[in-house]
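So the structure is just underneath, and the comments pick up after that.
Values below: every heavy atom of this structure, side chains too, minus hydrogens, waters and symmetry copies.
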Amino acid sequence: MRRVVIPAPLIPVQRRVISSATAPTVVPRRRLVRCGLSITGMGLCAIFYCLTYTPSLLPRPWFLQGVVAGLTASFGYAGGTAIGAVVRLRWWPSRRVERIAWRVLFVLVPPLILLFLWLGVRWQRDLRVRLGMPPQQEYDLIRTVGISLITFGALLLLARCLRLAAHGFARLFGRLVPESAAYCAGFVVVTLLSYTAFDGILVSNLFTSADRSAALTDSGTGNGVVQPASALRSGSRSSLISWDSLGRQGRNFVTKAPGADQLSAFSDRTALDPVRIYAGLSSADTVEERAALVVREMDRTHAWDRAVVAVFTPTGTGWVDNDVPSSLEYMYGGNTALVSMQYSYLPSWISFAVDRTKVVDAASALIGAVRQRWAAMPATDRPKLLIFGESLGTYGTEKTFGTADAMVNGADGILLEGPMFANPIHRELTAARAPGSPVWDPTYPQLPVEFSSESHELRDLAGLPRKVVYMQNSSDPVVWWSPSLLWHKPEWLNNQRGPDVTPDMHWYPVITFWQTTVDLLFANKAPIGHGHVYKSGAVDGWAALAPPPGWTVGDTLRLRTLLDN
């Protein structure tokens, strides 16, 4: 049997030829956790880190300088990374360009940082000498650098964690929406969660803790402070205002007045026991009621029979620098009645940020109530009316009067120490100063108003009556801080500078604003006559405004020496 072989059908065989053009591109997985550093970020980070060692208004402790340097470097890295991201939208650099850029950074950055570290040590030393402060230890620089690296590393790790979270949400949303929309949604979600955590957990808890701490401090009593026995003090058994309602600063105010024997020893003549009146937050329910209570206390103590009645608008915590009222009492031999009223127990910067209307309402109520009773008295029989404000208290005082003319005509003398950038009258007077006068020591001849950057300048005003005196140290960051420092060079950093401001300080966008903000933290730690510390300098202020008969420059020097010791 013959075998028949049937041929298979001729079916064309199609071979797939995969060319390099049609081959699928293998996209490597992005390493989110181990992704490299940004070139532009590190470049701007290095610049910011170096600039943070440039001098500001006040010298800094080593720990604070380290934290500030780390924070500033992180700001620079974030800004540089954002700039790099924008650039890559238009042009993506090759690996060769990146390698060259990194090599340039490795060559330039270390010597630059070493140079600014050396300059920073020299600048800090010169600044401390200028302000009469002891020099820092040599090894403080090593500790500063260590703290700055730890701060920067911690912030960089936090930023990487947030970035990883954003990518995680983007992958989750990528199952439902296009990739670009998914990454936008991931960024928005992480941003909202971060803001909620920062505002709801960190800020709220910090404010709550600060409020509780301030309230607890206000309810306490300082060491050595006891209820006064004199009926001329609020809080005594004869007073209309209870001891417990005064608050911590109120109790300090009424008990730290010098006694009649101390005043007599200074003036070498018989002195009176001074009157001090204070109303705390719990002394009455409203500011109007507290002001009325102060006036009734003045009636009870016969305060209107004294030679001087002075109204003090305190800082946010209710604090009044005791050198200021004591200087008046020494000058007038105790023939004085000094009154004040609390409007908050929070520090001034919190009170200003949260609700600055409290100081305005309190100052208006107390000054208005005292002035109303004082103005009703015969002009020949009424005492001198003096008004004092410091820091946030200057803001409340200015807002009470409204205009410079009203301040001049509203009292026999107004002394304002360390005015703030938000003070409307101070800002107007400075802007309208006489041509050629510096911003830190302006001249305003139209009104009997005097500005003083150094208290001893006021001793030259003999025979030149002044109704308003501003004392503003040229190194006081409370006076010179302003949001405009972010983008605008201030006048106080021009060629004609204040005696406290080092010529090595220069303005840099963002950096100078940040440095001056940090200076606020230690403004009260500077020596007397520098920063936000005025203390016995108030003697020169009172002597320029309302000197007692026969008062001399020698008396001013003698009293300042007594108060400083």
Crowding at [atom1], [X] (>12 non-hydrogen neighbours, <6.0 Å):
{"X": "I142", "atom1": "CD1", "value": "no"}
{"X": "K384", "atom1": "NZ", "value": "yes"}
{"X": "K399", "atom1": "NZ", "value": "no"}
{"X": "D261", "atom1": "CG", "value": "yes"}

Checking the side chain of [X] only, and the main-chain atoms of [Y] only, is there a donor and an acceptor separated by less than 3.5 Å?
{"X": "R251", "Y": "G235", "answer": "no"}
{"X": "T151", "Y": "I147", "answer": "yes"}
{"X": "R233", "Y": "T255", "answer": "no"}
{"X": "T397", "Y": "G389", "answer": "no"}
{"X": "S475", "Y": "G531", "answer": "yes"}
{"X": "E454", "Y": "G498", "answer": "no"}
{"X": "W118", "Y": "I113", "answer": "no"}

For residues [X] and [Y], is any side-chain donor paired with an opposing acceptor at under 3.5 Å?
{"X": "T217", "Y": "Y345", "answer": "no"}
{"X": "Q342", "Y": "D218", "answer": "yes"}
{"X": "S344", "Y": "S351", "answer": "yes"}
{"X": "E297", "Y": "S234", "answer": "yes"}

By ring-ring contact (aromatic ring centres under 6.0 Å, His included), which residues pair with [X], not counting sequence neighbours?
{"X": "F522", "value": "none"}
{"X": "W514", "value": "F75"}
{"X": "Y470", "value": "H426, F451"}
{"X": "Y332", "value": "none"}

Any side-chain hydrogen bond (donor to acceptor under 3.5 Å, both in side chains) pairs touching residues 400-412, not counting sequence neighbours?
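Sorted pair list: S364-T400.
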
Can you list every side-chain hydrogen bond (donor to acceptor under 3.5 Å, both in side chains) pair that touches residues 436-451, not counting sequence neighbours?
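Every side-chain hydrogen bond (donor to acceptor under 3.5 Å, both in side chains) pair that includes a residue of residues 436-451, provided the two are not neighbours, is E450-R466.
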
Hey, would you say the F116 and Y53 ring centroids sit under 6.0 Å apart?
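Ring centroids of F116 and Y53 are no less than 6.0 Å from each other.
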
N/O donor-acceptor pairs under 3.5 Å from side chains in residues 121-129, not counting sequence neighbours:
residue	atom	partner	partner atom	Å
Q124	OE1	R60	N	3.2
R128	NH1	P134	O	2.9

Not counting sequence neighbours, list each pair that qualifies as a salt bridge (charged side-chain N to carboxylate O under 4.0 Å, His left out) and has a residue in [range].
{"range": "residues 530-553", "value": "D321-K535, D323-K535, R459-D540, D540-R560"}
{"range": "residues 548-557", "value": "D555-R558"}
{"range": "residues 482-508", "value": "R433-E491"}

Name all residues meeting the side chain to side chain contact (heavy atoms under 4.5 Å, CB included) criterion together with P483; count only those two or more places apart in sequence or in a different chain, and write none if there are none.
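In terms of side chain to side chain contact (heavy atoms under 4.5 Å, CB included), with neighbours along the sequence ignored, P483 is linked to F421, W481.
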
Could you tell me how the ring of F352 sits relative to the ring of Y395: parallel (under 30°), tilted (30 to 60°) or perpendicular (over 60°)?
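Perpendicular.
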
Output, in order, the C-alpha distance, side-chain angles, deciding distance and verdict of side-chain contact (heavy atoms from CB on, under 4.5 Å) for L392 and T315.
CA-CA 6 Å; L392 188 57; T315 62; 5.6 Å; no

With rounding to the nearest 0.5 Å, note down the distance linking [atom1] in [X] to [atom2] in [Y].
{"X": "L263", "Y": "M331", "atom1": "CG", "atom2": "CE", "value": "12.5 Å"}
{"X": "N252", "Y": "L246", "atom1": "CG", "atom2": "CG", "value": "10.0 Å"}
{"X": "L416", "Y": "I425", "atom1": "CG", "atom2": "CD1", "value": "8.5 Å"}

For L51 and T72, run side-chain contact (heavy atoms from CB on, under 4.5 Å): C-alpha distance rounded to whole Å, both residues' side-chain angles, the deciding distance at 0.1 Å, then the answer.
CA-CA 9 Å; L51 291 179; T72 309; over 6 Å; no

Nearest non-hydrogen partners of [X] and [Y], listed with the distance:
{"X": "L112", "Y": "C50", "answer": "CG-SG, 3.8 Å"}
{"X": "P55", "Y": "Q515", "answer": "O-OE1, 4.0 Å"}
{"X": "P442", "Y": "T430", "answer": "CG-OG1, 4.5 Å"}
{"X": "Q472", "Y": "P419", "answer": "OE1-CG, 3.8 Å"}
{"X": "D564", "Y": "S536", "answer": "OD1-OG, 2.7 Å"}

Which pairs, with at least one residue in residues 528-565 and sequence neighbours excluded, count as a ring pair (Phe, Tyr, Trp, His ring centres under 6.0 Å)?
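Only H532-Y534 qualify under ring pair (Phe, Tyr, Trp, His ring centres under 6.0 Å).
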
Start with the C-alpha distance between V294 and L366, add both sets of side-chain angles, then the distance that settles side-chain contact (heavy atoms from CB on, under 4.5 Å), and finish with yes or no.
CA-CA 8 Å; V294 167; L366 183 58; 3.8 Å; yes

Does any non-hydrogen side-chain atom of [Y] lie less than 4.5 Å from one of [X]?
{"X": "W487", "Y": "P509", "value": "no"}
{"X": "L232", "Y": "R306", "value": "yes"}
{"X": "L281", "Y": "R290", "value": "yes"}

Take S148 and Y49, measure what side chain to side chain donor-acceptor pair (under 3.5 Å) needs, and give me the verdict at the end.
CA-CA 9 Å; S148 66; Y49 185 80; 2.9 Å; yes

For D140 and R143: C-alpha separation, side-chain torsions, deciding distance, then whether salt bridge (Lys or Arg N to Asp or Glu O under 4.0 Å) applies.
CA-CA 5 Å; D140 285 343; R143 297 193 289 183; 2.4 Å; yes

